> 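Dropping a structure here in structure tokens format, bear with me for questions.
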Amino acid sequence: MNKRILVSILLLLVLSVLLAACGGGGNDVIRIGINAPLTGDNPKVGEGTKYAAEMWLEDINAAGGLEVGGKMYQVELVTEDNEYKAESATKANTKLITQDEVLLIIGPQSSQQAVPAGGVANDNKTPMISPWSTNPNTTLNRPWVFRTPFLDPFQGPVVANFATEQFGATKAAVLYDVASDYPKGLAEFFKAAWEENHGAGSVVAFESFTTKDQDFSAQLTKIKESGADFIFTPQYYSEVPLIVQQAHELGWDKPIVGSDSWGSAELVNLCGDDCDGLFFSTHYAAAGATGATKAFIDRYNEKYGYVPDDVGALTWDTLLLAQQAIQDCGEITGDLAVDRQCVRDALANIKDFHGITGDMTFTPEGDPIKCAVIVRISDAGEFEFFEQVCP
Amino acid sequence: MTAQTIQKSKNGGRLRLWWQSVWSRFDDVPLLGWLIGALVAVGLEYAVGRPFAQLLGMRKSPALFGFLFILKEPWLIPSAIVYVAVMTILPIAALAKATASFANKTATALLRASTLLSVAVHLILLYAILYIWCDILPYRLIVVKLTLIAIVITLSLNVVNGYMGEFSCSHPGFISLGAYGASVVTILVFDDPSPWLFPLALIVGGIVAALGALLVAIPSFRTRGDYLAIISLAFTFIIKSFIENLEFVGGPRGLGGQPNWASLPVVFIVTIIAIWIINNFVRSILGKALNAVRDNEAAADAMTVNTQRTKMTAFLFSAFWAGVAGGLLAHVLAFINPASFGLQKLAEVLAMVYFGGLNSVVGSIVGAVSLNLLGEMLRPLEIWKWIVIPLMLILMMIYRPTGLVAFKEFDIVALLQPKQTTKGEQ
């Protein structure tokens with residue numbers, strides 16, 4: 001009895017191994033790694049990445065594969081969870097590069113993961129494009145690492161110039177999270193840009209708080225008393241509504257301006273009418289979008305039930321960028337080292353790429369030169385295009 | 001369905017008997033025999049692993065015993081099982097059995113010559129196994145390195161939470177102090193540092209962490225239990241905020257570009273030294289005094305134990321090793337930022353300590369290795385991983401409240417003993 005079971009198990013094993021051995025995929029597969037925070041502190045970011053990638057893969061499959069140099073290749077996405085942790089992102093990247101043998105990697109999104117993971121990609125000579133990371137260290141001295149968002153040193157002056165022209169402001173106030181790298185970096189770049197135009201001391205209040213703070217009345221009171229013409233607060237969608245509402249309760253009626261971190265559908269849900277009429281700089285405007293951008297937004301909205309955040313749009317652009325680089329490469333030899341080198345060179349040579357978040361050309365550093373968009377939150381709570389600012 | 005279940009449970013009982021009978025055949029295999037078996041197995045995998053994997057329909061050899069196939073490519077599970085059986089289990093078992101008598105004789109001779117020699121031979125074998133195993137697939141290398149570092153962290157926390165019986169939550173703070181201390185030495189202090197500086201950097205990291213521990217210890221050691229837990233938790237947050245506001249180490253942006261010095265041999269040697277010193281520490285008079293303080297502080301005091309000094313020494317000692325581990329971590333990742341050393345890190349290290357077992361060096365090693373490997377093996381489960389692992393922890397707390405291998409002394413000589421002494425020697 002026991003023996004018969006053992007024998008049948010063994011037989012089954014042998015049979016399935018034979019099946020696997022025969023059915024093993026051919027060489028005409030291009031594998032692309034996705035390194036995203038599917039679990040951890042920021043699962044929404046991972047979700048946006050995953051959805052955009054799924055949509056892209058759908059397109060590729062509908063076309064019967066990816067055509068490179070007159071030959072069709074199947075595309076396989078290998079998605080790894082980085083748990084929003086630096087260690088995990090490094091492990092995931094190592095796995096993607098050495099174990100799954102991907103051609104290139106999309107992600108990680110946040111700088112906290114993208115900086116260490118970029119080191120792994122660069123050491124292993126594998127192209128990596130981060131769709132969201134704005135920390136200069138991600139691409140610094142790393143010829144193999146690229147990114148699709150514009151950098152904070154560009155966005156800071158954009159907001160400063162906009163506020164000067166739009167409000168005729170001369171005195172600025174900044175409220176930011178000192179413990180989070182993105183707001184802090186942007187706040188500092190903004191301050192530098194503002195003081196260059198308006199002289200030292202023209203940022204009359206430079207107030208900070210710490211991640212997960214809920215009460216900003218002390219800082220806002222100070223800002224109100226400082227006589228600033230507007231507040232710049234480069235915070236995330238969970239904090240902005242609290243800041244705006246508390247400012248209005250304290251009697252603040254001057255403008256509040258934000259940055260690309262505002263660009264989430266959740267913002268309007270949480271903020272209600274308080275955010276109407278406010279401006280922020282970002283990668284693209286969802287409302288009133290045209291052409292490819294509109295097509296992407298509508299499709300995403302229909303499929304997943306909400307307007308995509310900028311992470312989704314940037315990931316989409318990143319995937320198209322990767323696709324173009326692979327196609328520009330002209331030939332997939334099957335030798336990974338050669339193909340990766342070829343894709344990297346193709347990426348570096350891409351000029352005037354038409355993405356849904358704007359046209360891009362890469363600097364030798366691997367950073368894009370692209371335009372920013374100023375968005376106004378309409379009375380209906382939509383993100384309306386207001387103006388475009390190009391470098 | 002029900003008949004099947006009954007059949008299954010019956011088989012379960014029989015399976016256990018069968019398992020025991022199989023296991024009893026390996027009673028006479030000493031540690032040396034297992035190591036020889038493992039060495040040959042990794043050698044075999046090194047030589048023919050990849051072609052064999054391709055023969056079975058896999059692109060590459062399964063990295064972590066085939067676990068990564070669970071969800072992504074389930075049709076490859078049988079291939080992975082065959083691969084692991086042929087490449088790992090069978091050669092180890094066969095060789096361990098075949099060389100048992102030779103291994104026993106060698107183990108006896110080695111122990112007779114000197115314990116140190118015996119330990120050295122075993123360690124060299126262990127290192128060789130790890131080295132070849134990691135050399136086959138680079139992905140294993142990073143997993144092994146981070147696991148070894150986790151062992152040091154877990155051990156150091158066990159000194160306080162297990163041997164001293166206090167619930168300290170300040171370990172992420174100590175790790176970050178060590179990571180930043182070591183990184184400052186290798187990045188900021190010297191323009192063109194040489195790798196020989198690395199031990200110094202690690203020691204500086206350890207000392208910085210120990211100084212931090214002194215800062216917590218002075219005000220908080222007047223309290224015990226919950227109060228110490230809260231103060232130490234506060235310390236973790238203070239350190240995080242402190243580093244976030246230190247501009248010269250990058251603030252919240254973090255500090256990157258550490259030189260690539262934490263190679264496998266370096267991490268391995270540091271881990272072995274840490275295990276050796278911590279094991280000696282907890283088995284010394286001071287370690288016993290520590291246990292006495294844990295069980296009854298007043299009684300220990302009455303028995304002439306200087307309780308305050310004992311606690312202080314143990315706490316600083318624990319922080320020192322956490323700092324060294326932090327220094328290693330920074331150089332493995334080549335990037336650190338304060339946000340990595342928050343509550344999540346705390347939960348991770350606490351889980352490893354309590355899963356492995358309190359008051360036990362072996363327990364810490366088991367806890368760190370099992371949770372690290374498990375976390376990696378279950379990676380394809382994505383969100384489900386965070387249901388499986390906590391569930392395991394809960395079950396553990398119900399059935400073994402003190403952890404897997406708690407309250408057990410790590411006796412290295414007993415571990416290296418040949419297994420046939422009763423017959424051959426006396």
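Predicted model only: the values in this text are computed from it and were never measured. Residue numbers begin at 1 in each chain, while the letters A, B, ... track the order of the sequences. Computation of the quantities below employed the complete heavy-atom set of this structure, encompassing side-chain atoms and omitting hydrogens, waters and symmetry-equivalent molecules.
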> Give the C-alpha distance, both sets of side-chain angles, the deciding distance and a yes or no for side chain to side chain contact (heavy atoms under 4.5 Å, CB included) between A:Leu38 and B:Ile383.
CA-CA 7 Å; A:Leu38 301 175; B:Ile383 192 84; over 6 Å; no

> Considering only heavy atoms, which portion of B:Glu348 lies under 4.5 Å from any heavy atom of chain A: side chain, backbone, both, or neither?
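Contact with chain A: side chain only.
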
> For A:Asn135, is there any backbone N or O sitting under 3.5 Å from a side-chain donor or acceptor partner on B:Arg253?
no

> Rounded at 0.5 Å granularity, tell me how far CG in A:Asn93 sits from CD1 in B:Ile142.
9.5 Å

> When you check the gap from the basic side-chain N to the acidic O, do A:Glu87 and B:Lys145 get nearer than 4.0 Å?
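Here A:Glu87 does not pair with B:Lys145 in a salt bridge, since their nearest N and O are not under 4.0 Å apart.
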
> To the nearest 0.5 Å, what is the distance between CD (A:Glu101) and NZ (B:Lys60)?
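With rounding to 0.5 Å, CD (A:Glu101) is 4.5 Å from NZ (B:Lys60).
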
> Tell me which one of A:Ile97, A:Asp100, A:Thr98 satisfies side-chain contact (heavy atoms from CB on, under 4.5 Å) with B:Tyr139.
A:Thr98

> Between A:Lys184 and B:Glu244, does at least one N-O distance fall below 4.0 Å, as a salt bridge requires?
no

> Mind ranking A:Glu80, A:Gln112, A:Lys85 by heavy-atom pairs under 4.5 Å with chain B and telling me who comes out on top?
A:Gln112

> Do you know the tightest heavy-atom contact between B:Pro252 and A:Asp181?
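Closest approach of B:Pro252 to A:Asp181: O-CB, 3.4 Å.
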
> Give, for atom CD of A:Gln99 and atom OG of B:Ser61, the distance between the pair rounded to the nearest 0.5 Å.
7.5 Å

> At a 4.5 Å cut-off on heavy atoms, which part of B:Asn260 comes close to chain A: side chain, backbone, both, or neither?
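Interface part for B:Asn260: neither.
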
> Under 3.5 Å, is there a donor-acceptor pair between the side chain of B:Lys240 and the main chain of A:Ala179?
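No: the side chain of B:Lys240 does not pair with the backbone of A:Ala179.
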
> Could you walk me through whether B:Trp386 and A:Glu83 pass side chain to side chain contact (heavy atoms under 4.5 Å, CB included), step by step?
CA-CA 10 Å; B:Trp386 298 114; A:Glu83 303 164 45; 3.1 Å; yes

